[in-house]
Amino acid sequence: MSSPRRRRGRSPFAVGLVALVIVGALTYLGFTKSIPFTRGYEVQATFASANGLRPDSPVRIAGVDVGKVTKVDAEEGTENAVVTMEISDEGRPVSTDATAKIRPRIFLEGNFFVDLQPGTPGAEELDDGGMLKVTQTATPVQLDQVLTALQSDTRQDLQDVIQSLGPALSGKPSAEDDAQADPSARGETAAESFNDAYDDIGPAEKAQAQVNEAFLGLEPERDLSRLIVGLGRTSAGLARNERQLQDLVVNFNATMAALASESGNLSASIAELPATLRAANSAFASLNAAFPSTRAFAIEILPGVRETPATIDAAFPWIDQARALMSPAELQGLVADLKPLTKSLAEFTDSSTTLLPLTDKASKCARDVLLPTGDVVILDEFQTGAENYKDFFYAMVGLAAEGQNFDGNGTYVRFQTGGGSNTVSLGEGNLGSQPQYGALPTAPLGNRPAYTGRKPPFNTSQPCFKQQLPDLNGPAAALAAPLQNPNAPATAALTQLRSKLQPFASDDEGGP
């Protein structure tokens, strides 16, 4: 049997207490969405002013809640505020180059919130509990700050500026102003010129948009962040060197004053800038087209560059030998041996100034006259279809071949004195000598080339290479009738000479 204590049920108070604890825990988890006695990923940020920021103020990224402010403390020794934020997993990662701004919430929400920019994806993630510096944070400008800035002197200056701005925009320009103004703006007020500028601002804004897009770089997520980081480092460097920055401003003012004094030349230079930019674009396009070849050449030359140290090391022994060869003892002896040759070479060089022009003329004569004439095919009854210079060598080869055969009288081909009843004249001799005569056993068929009774067209006042090429197949190359010479004394002398030589001639001898 069971004990009395086991038979009793649980106390209604204990059951109700447990139920209240469970409901309270579920309610807490449902509203807070966090587990008690635990801490999530926290980030600290230093602000110049908390601006009414308080714990539980939301932390947003692109308008979406990703965390909340857990604590707002004063930074020791400064007027800055250190804000601790708890970030959920939806808001991670937060990079080391992240930024945070305190912004006012809408009217119905009230208070402020932290607008968090998590930074570039490629940057290193901020450690748990890491700190964003005051240079990475910003606070909104309050109305009291604006009113404080507008003191009585400032308000008076602002009023003077506004009062002067009206006449400046609506006032008509003077003749002196028109003389210095652009022709398109002469006679117009400043407001009218501004209206004209709106007509031309469209292409300018398009060009500015292209410039802004180019500023993003080839990889916007990395190039722009690097640019911002570099500008941040530059600004920090300028802040550390205030004296140098002051000198820079002074020098910049002096430079601007110098440019203002040369405003006319500067205007002319700016007018030439579009053509210069077009030429630069063309040059850049050519440069871009040359880059692939240059890159390929650089890749191909790398093995040679790697071998350069070894080549230099291998050249050192040769340099040592060359240094010894160029020493005074060796070099002076070589110069002494070369001195006679140098003198003869100088004389030869001096003489060649006369020889080389003649050689040049002879080469041109062979190129333009002799060789083209030798390449002509003679079109007669003995033609072979070959150039005439080849016919000459063919005859020499034939004579050499026939000269090797012989019979009892000697070689088949031989030349000897002959005669006959037909008298021929060889024409007037050289240097005005008497005409020469001969005799043939048979009557000549004719003369080739035909004798025209005058010298061939050769101009002695002109160089050879400028002479006219002979027409080897022209009228003068035709077969002409033999010339008759009725010189009786010469015929009688030849007849008497032939009779004296007849006993010495064999039966098979005759003309060639």
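Computed over heavy atoms, backbone and side chain alike; hydrogens, waters and symmetry mates excluded. As the structure is a computational prediction, the values presented were derived from the model and not from experiment.
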For the atom pair CG (Leu132) and OG1 (Thr96), what is the distance rounded to the nearest 0.5 Å?
9.0 Å

Would one find more than 12 heavy atoms of other residues, nucleotides or ligands at under 6.0 Å from atom CD of Glu347?
yes

Does the side chain of Thr359 reach to within under 4.5 Å of the side chain of Ser363, using non-hydrogen atoms?
yes

Side-chain heavy-atom pair Asp128, Val43 within 4.5 angstrom cut-off:
no

Do other residues, nucleotides or ligands put more than 12 heavy atoms under 6.0 Å from Gln244 CD?
yes

Less than 4.0 angstrom from a charged side-chain N to a carboxylate O is my criterion; do Lys101 and Asp115 meet it?
no

Please examine the side chains of Lys206 and Gln210, heavy atoms only from C-beta on, and report whether any two atoms are closer than 4.5 Å.
yes

So, Ser282 side chain and Arg278 main chain: donor-acceptor pair closer than 3.5 Å or not?
no

Side-chain heavy atoms of Met85 within contact of Lys68, under 4.5 Å:
no

Closest contact, heavy atoms only, Phe113 versus Arg60
CD1-CD, 3.7 Å

Would Phe465 and Lys361 satisfy side chain to side chain contact (heavy atoms under 4.5 Å, CB included), going step by step from the backbone distance to the final call?
CA-CA 7 Å; Phe465 66 91; Lys361 292 181 179 180; 4.2 Å; yes

Determine, step by step, whether Asp73 and Thr84 satisfy the side-chain hydrogen bond (donor to acceptor under 3.5 Å, both in side chains) criterion, reporting the C-alpha distance in whole Å, the side-chain angles of both residues, the deciding distance to 0.1 Å, and the verdict.
CA-CA 8 Å; Asp73 297 324; Thr84 303; 5.1 Å; no

Nearest-0.5 Å distance that lies between atom CD in Gln468 and atom CD in Gln462:
12.5 Å

For Glu387 and Gly374, indicate whether the former's side chain and the latter's backbone hold a donor-acceptor pair under 3.5 Å.
no

Test the Arg103-Phe112 pair against the cation-pi criterion, namely NZ or CZ under 6.0 angstrom from the six-membered ring centroid and within 45° of the ring axis.
no

Nearest heavy-atom neighbours spanning Ala400 and Gln404
O-CG, 3.3 Å

Contact check, side chains of Tyr41 and Glu125, non-hydrogen atoms, under 4.5 Å:
yes

Could you tell me whether the side chain of Leu266 reaches within less than 4.5 Å of the side chain of Ile270, counting heavy atoms only?
yes

After noting the C-alpha distance and the side-chain angles of Val59 and Asp65, does the key distance pass the side chain to side chain contact (heavy atoms under 4.5 Å, CB included) rule?
CA-CA 6 Å; Val59 178; Asp65 289 348; over 6 Å; no

Determine whether Asn80 and Phe47 make a side-chain contact, defined as any pair of heavy atoms from C-beta on separated by less than 4.5 Å.
no

On a heavy-atom basis, which atom in Val94 and which in Leu116 lie closest, and how many Å separate them?
CG2-CD2, 4.1 Å

Is the side chain of Asn251 donor-acceptor paired with the backbone N or O of Asp247 at a distance under 3.5 Å, no angle test?
yes

Distance from Cys365 atom SG to Leu370 atom CG, nearest 0.5 Å?
4.5 Å

Using 0.5 Å steps for rounding, measure from the CD1 atom of Ile228 to the OG atom of Ser235.
11.5 Å

Side-chain donor/acceptor of Asp350 to backbone N/O of Ala346, under 3.5 Å
no

With sequence neighbours excluded, what pairs up with Arg186 under the side chain to side chain donor-acceptor pair (under 3.5 Å) test?
none

For Glu75 and Thr78, what are the C-alpha separation, side-chain angles and deciding distance, and is it a side-chain hydrogen bond (donor to acceptor under 3.5 Å, both in side chains)?
CA-CA 6 Å; Glu75 186 179 33; Thr78 66; 2.9 Å; yes

Does a side-chain heavy-atom distance below 4.5 Å link Thr70 with Pro55?
no

Under 3.5 Å, is there a donor-acceptor pair between the side chain of Ser88 and the main chain of Val66?
yes

Rounded to the nearest 0.5 Å, the OG1 atom of Thr139 sits from the CD1 atom of Ile102 at a distance of 6.5 Å

If you take all heavy atoms of Ile61 and Gly91, which pair is closest and at what distance?
CD1-O, 3.7 Å

Roughly how far apart are Ser263 OG and Leu259 CG, rounded to 0.5 Å?
10.0 Å

For Thr137 and Val134, indicate whether the former's side chain and the latter's backbone hold a donor-acceptor pair under 3.5 Å.
yes

Using salt bridge (charged side-chain N to carboxylate O under 4.0 Å, His left out) as the criterion, list what pairs up with Asp127, not counting sequence neighbours.
none

Taking every heavy atom of Glu188 against every heavy atom of Ser193, the minimum-distance pair comes out as OE1-OG, 3.5 Å

Among Asp380, Thr384, Ile378, Leu379, the one residue meeting side-chain contact (heavy atoms from CB on, under 4.5 Å) with Phe382:
Asp380

Taking all non-hydrogen atoms of both residues, which atom of Pro118 and which atom of Pro93 are closest, and how far apart?
CB-O, 3.6 Å

